[in-house]
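Single-structure report; data block below.
Naming convention: chains lettered A, B, ... in sequence-line order (proteins, then strands); numbering from 1 in each chain.
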Number of protein chains: 2
Amino acid sequence: MPRLARNRRTSVTIYDIAEKLSISASTVSRALRGHPDIRQETIEAVKAMAKKLNYQPNTMAQNLRERRTKMIGLVLPEIQSSFYASVLNGIEEVAFQKGYQVMVCKSGENYQRELVQVYALSNLVDGMLVCLSEQTQKTDHFRHLKQQGTPCVFFDRAPENVAGHRVLFEDEALGFALTENLIKAGFRHIAHLTGPNYLKACKDRLAGYQKALQQYGLPDQPELVLSVGFGYQDGRLGFQKLMKLSPRPDAIFAGSDPIATAVVVEARRAGISIPQELGLATFGSDPMHTLLDPPVTGLNPKGFEMGSTAAQLCIQEIEKTGKSTRYKTEYLKCDIAVRRSSVKLSGDEQLIASYSRYLKSDTHGDELVYIY
Amino acid sequence: MPRLARNRRTSVTIYDIAEKLSISASTVSRALRGHPDIRQETIEAVKAMAKKLNYQPNTMAQNLRERRTKMIGLVLPEIQSSFYASVLNGIEEVAFQKGYQVMVCKSGENYQRELVQVYALSNLVDGMLVCLSEQTQKTDHFRHLKQQGTPCVFFDRAPENVAGHRVLFEDEALGFALTENLIKAGFRHIAHLTGPNYLKACKDRLAGYQKALQQYGLPDQPELVLSVGFGYQDGRLGFQKLMKLSPRPDAIFAGSDPIATAVVVEARRAGISIPQELGLATFGSDPMHTLLDPPVTGLNPKGFEMGSTAAQLCIQEIEKTGKSTRYKTEYLKCDIAVRRSSVKLSGDEQLIASYSRYLKSDTHGDELVYIY
DNA sequence: CAAAATTATGCAAGCGATTGCGTTATCGGT
DNA sequence: ACCGATAACGCAATCGCTTGCATAATTTTG
């Protein structure tokens with residue numbers, strides 16, 4: 001059969017180099033990778049010729065031959081939010097160091113799309129990093145990965161019944177801490193606005209919230225918990241619903257940054273002042289929240305670490321030789337950053353002091369932590 | 001030679017399907033893609049068997065054979081900033097629609113790393129999208145792409161002497177408009193804090209700034225222009241330098257969002273009030289700036305459009321059959337959003353009214369535009 | 001000095017999918 | 001009943017690279 005018309009990319013191959021030097025392609029191949037069988041002279045000649053012809057190895061051919069692609073897939077709900085962007089940043093950094101490329105796919109918090117993306121990536125990448133969409137309840141697509149032998153590491157939001165490494169926050173403990181912080185600040189009717197409770201992350205955060213209420217002798221009022229979604233719109237609508245209750249909640253524990261932002265915006269619009277009339281804390285770390293008026297209590301940023309840890313685990317799993325695997329769950333150490341949105345009585349230094357174990361240096365602007 | 005030990009991924013191939021059905025692999029291949037030569041019966045049998053065996057085509061083999069990968073590479077300076085995140089979002093969206101995967105690489109504003117990334121991607125992707133790093137002055141790596149026949153579309157920051165499609169802002173016009181806005185607000189000593197002036201984008205924005213000064217009869221004071229970099233630290237240091245001048249500038253035109261954010265933070269720390277003592281406008285669109293106190297004048301967000309437009313151009317270029325190409329530069333329509341940071345006299349409705357042609361609905365909170 | 005060991009290279013079989021062309025049935029037409 | 005047309009499928013080459021094994025050339029060893 002005749003060679004395909006080289007419509008695009010008249011690429012130089014090892015055969016071209018071989019021909020020029022009157023040697024075989026296998027020798028060229030070995031020379032280029034410094035195989036000890038090949039004479040130093042030959043190696044140099046080959047490399048020189050390769051440079052001269054501007055040879056670039058055909059990655060696809062290598063991939064096919066080597067049965068690996070040096071690519072890892074990433075499926076995440078959203079790209080624009082500060083948190084996921086920083087996760088991606090962490091992943092990219094590690095991948096680059098280890099010579100991997102990152103294929104980014106967003107699910108858009110949509111289960112169907114997550115499904116499509118996972119399948120599309122599955123026969124293309126060596127390993128995968130996944131944060132579940134807020135809609136995801138079925139997890140067959142991940143079992144397909146297992147079956148295929150593609151390592152998959154979950155981060156931030158992980159399924160409960162799928163084997164694999166995980167990198168997570170201490171959802172319950174942090175949910176507890178954020179809620180406790182509001183309680184100690186004097187808030188008593190604390191609402192919780194978050195994602196669907198079939199997600200383990202949400203369940204755990206909610207559990208932390210409830211535990212805090214209980215521990216401080218506050219009633220658990222189900223109407224104060226809205227488990228809808230992580231988005232800005234979810235936050236907006238949730239806020240409006242909450243503000244119609246009577247008595248109105250006097251604080252909100254937001255399950256994500258977009259939710260918290262929505263609360264800030266809507267409260268401002270409604271003329272409700274934070275924190276005097278409404279306390280606020282977020283399970284998030286968008287740097288924006290340190291600059292708002294008032295700055296919003298939340299978590300210290302760990303997105304980069306989450307991404308880099310997950311990527312490391314994944315690559316390690318890809319490259320390991322042994323077959324037995326003990327899957328592990330890494331909980332990222334993360335502490336909360338108390339800011340004015342949860343400090344009811346401005347100027348009450350006593351109160352602020354009592355939180356000193358949480359206090360981060362950015363709280364009062366002396367050492368504002370702002371990362372670009 | 002014996003088959004390679006199938007260490008990983010015991011994948012099902014068309015040969016497996018063929019064997020099960022006692023037909024040839026070529027028939028399977030044709031059946032799967034619905035070739036008219038193949039009988040309907042056979043097609044169905046093959047598809048059924050494929051599903052039963054959970055067959056997934058080997059993308060690498062296809063890639064090799066088809067001499068294309070259905071992947072596009074993206075090289076950008078930074079991922080975390082809101083603007084580039086939204087660009088990526090736009091790219092991903094279009095790529096997904098058209099069946100392409102996106103490989104994301106960040107240069108970290110580092111020329112060397114940009115170089116490495118471009119070369120690594122060059123023999124892997126069908127096309128590439130690039131935003132230059134702030135260090136990039138040489139552009140040989142892009143000529144290498146041309147030579148290889150890999151389409152490359154530049155966005156936001158493009159080299160001057162490389163052929164290719166571009167998607168850009170109207171840098172000069174917007175630089176003019178933002179500066180003019182400050183002038184009309186009554187500011188007279190307007191500084192400009194931006195990236196290096198060997199970047200065309202910076203040159204153009206600077207030109208717009210100077211043109212505005214000139215048009216309004218203001219002196220062009222070179223010491224007020226600091227062309228250092230786009231980062232937060234650049235902004236911080238630049239701000240500190242500017243504040244040491246006497247007379248001190250009474251307004252700053254920031255060349256990027258991180259710079260503007262740095263100005264806000266540093267001004268707050270230094271007890272300089274915006275806009276009373278210092279006007280501020282940014283060549284950026286981070287939604288954060290709509291929520292700060294005061295909200296910062298800037299551009300309306302066009303990152304998504306920039307990304308999607310660039311991706312469309314790139315894919316179109318990849319898939320076009322003809323060879324002749326007229327490279328085009330698309331200028332994104334983008335208008336400025338005047339906010340309080342550039343409205344010197346609060347309450348001066350007269351003044352605000354005079355900007356009505358710029359005024360966006362988010363300016364006073366009635367219709368705050370906030371996109372997640 | 002012949003045999004064994006070493007060194008340096010070539011041959012050819014894959015990796016999995018695609019496809020031009022050849023081959024075998026099947027069928028209608030006269 | 002014979003022939004060309006059509007339908008349905010198989011063969012084998014190919015994409016570019018890697019690598020086990022064979023081979024040829026050179027050196028070492030007894």
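For Asn58(B) and dG14(C), the CG to P distance is 17 Å, given to the nearest whole Å. In this entry the distance linking CZ of Arg67(B) with C1' of dA17(C) reads 14 Å, nearest Å. What separates CG of Leu64(A) from C1' of dT18(C) is a distance of 13 Å, to the nearest Å. Atoms CZ (Arg68(B)) and P (dG16(D)) sit 15 Å apart, rounded to a whole Å. To the nearest angstrom, P of dC15(C) lies 8 Å from OH of Tyr15(B). Remark: P of dA17(C) and CD of Glu66(B) are 12 Å apart, rounded to the nearest angstrom. The CD1 atom of Ile14(A) sits 11 Å away from the P atom of dT19(D) (whole-angstrom rounding). For the pair Met60(A) CE and dG16(D) P, the interatomic distance rounds to 9 Å; values are reported in whole Å.
Over its length, the helix from dC1(C)-dG30(D) to dT30(C)-dA1(D) turns its helix axis by 60°, as judged from the five terminal pairs at each end, rounded to 10°.
Contact annotation: side chain of Arg65(B) to base of dT19(C), donor-acceptor pair absent below 3.5 Å.
Side chains of His165(A) and Glu330(A): a donor-acceptor N/O pair is absent below 3.5 angstrom, by distance only.
Checked against Phe154(B) for a side-chain contact (heavy atoms from CB on, under 4.5 Å), the options Val167(B), Val130(B), Thr329(B), Leu313(B) give a single hit: Val130(B). Checked options Asn63(B), Asn123(B), Leu64(B); the residue passing with Thr69(B) is Asn63(B) (criterion: side-chain contact (heavy atoms from CB on, under 4.5 Å)).
A cation-pi arrangement is found for Arg113(A) relative to Phe96(B), the charged atom lying closer than 6.0 Å to the ring centre and inside a 45° cone about the ring normal.
Within a heavy-atom distance below 4.0 Å of DNA chain C, the residues of residues 45-57 of chain B found are Tyr55(B), Pro57(B).
Applying the salt bridge (charged side-chain N to carboxylate O under 4.0 Å, His left out) rule to Glu305(A) yields no partners; only residues at least two apart in sequence or on another chain are considered. Shown here are the side chain to side chain donor-acceptor pair (under 3.5 Å) partners of Gln137(A), two or more places apart in sequence or in another chain: there are none.
Using a 30° and 60° split on the angle between ring planes, Tyr119(A) and His144(A) fall in the parallel class, below 30°.
The salt bridge (charged side-chain N to carboxylate O under 4.0 Å, His left out) pairs that include a residue from residues 140-150 of chain B are Asp140(B)-Arg143(B), where partners are two or more places apart or lie in different chains.
Around CD of Gln97(A), the count of heavy atoms belonging to other residues, nucleotides or ligands within 6.0 Å exceeds 12. Glu319(A) CD: more than 12 foreign heavy atoms inside a 6.0 Å radius.
OP1 or OP2 of dT18(C) sits under 4.0 Å from a side-chain N or O of Gln62(B).
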Show me the protein contacts with nucleotides 7-11 of chain C, counting only N or O atoms at under 3.5 Å.
from, atom 1, to, atom 2, distance (Å)
dT9(C), OP1, Arg39(A), NE, 3.4
dT9(C), OP1, Arg39(A), NH2, 2.5
dT9(C), OP1, Thr42(A), OG1, 2.9
dT9(C), OP2, Arg39(A), N, 3.1
dT9(C), OP2, Thr42(A), OG1, 3.3
dG10(C), OP1, Ser24(A), N, 3.3
dG10(C), OP2, Ser24(A), N, 2.8
dG10(C), OP2, Ser24(A), OG, 2.9
dG10(C), OP2, Thr27(A), OG1, 2.4
dG10(C), O6, Arg30(A), NH1, 3.3
dG10(C), O6, Arg30(A), NH2, 3.2
dC11(C), N4, Ser26(A), OG, 3.0

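Distance CE/Met60(B) to CZ/Arg68(A): 10.0 Å, rounded to 0.5 Å.
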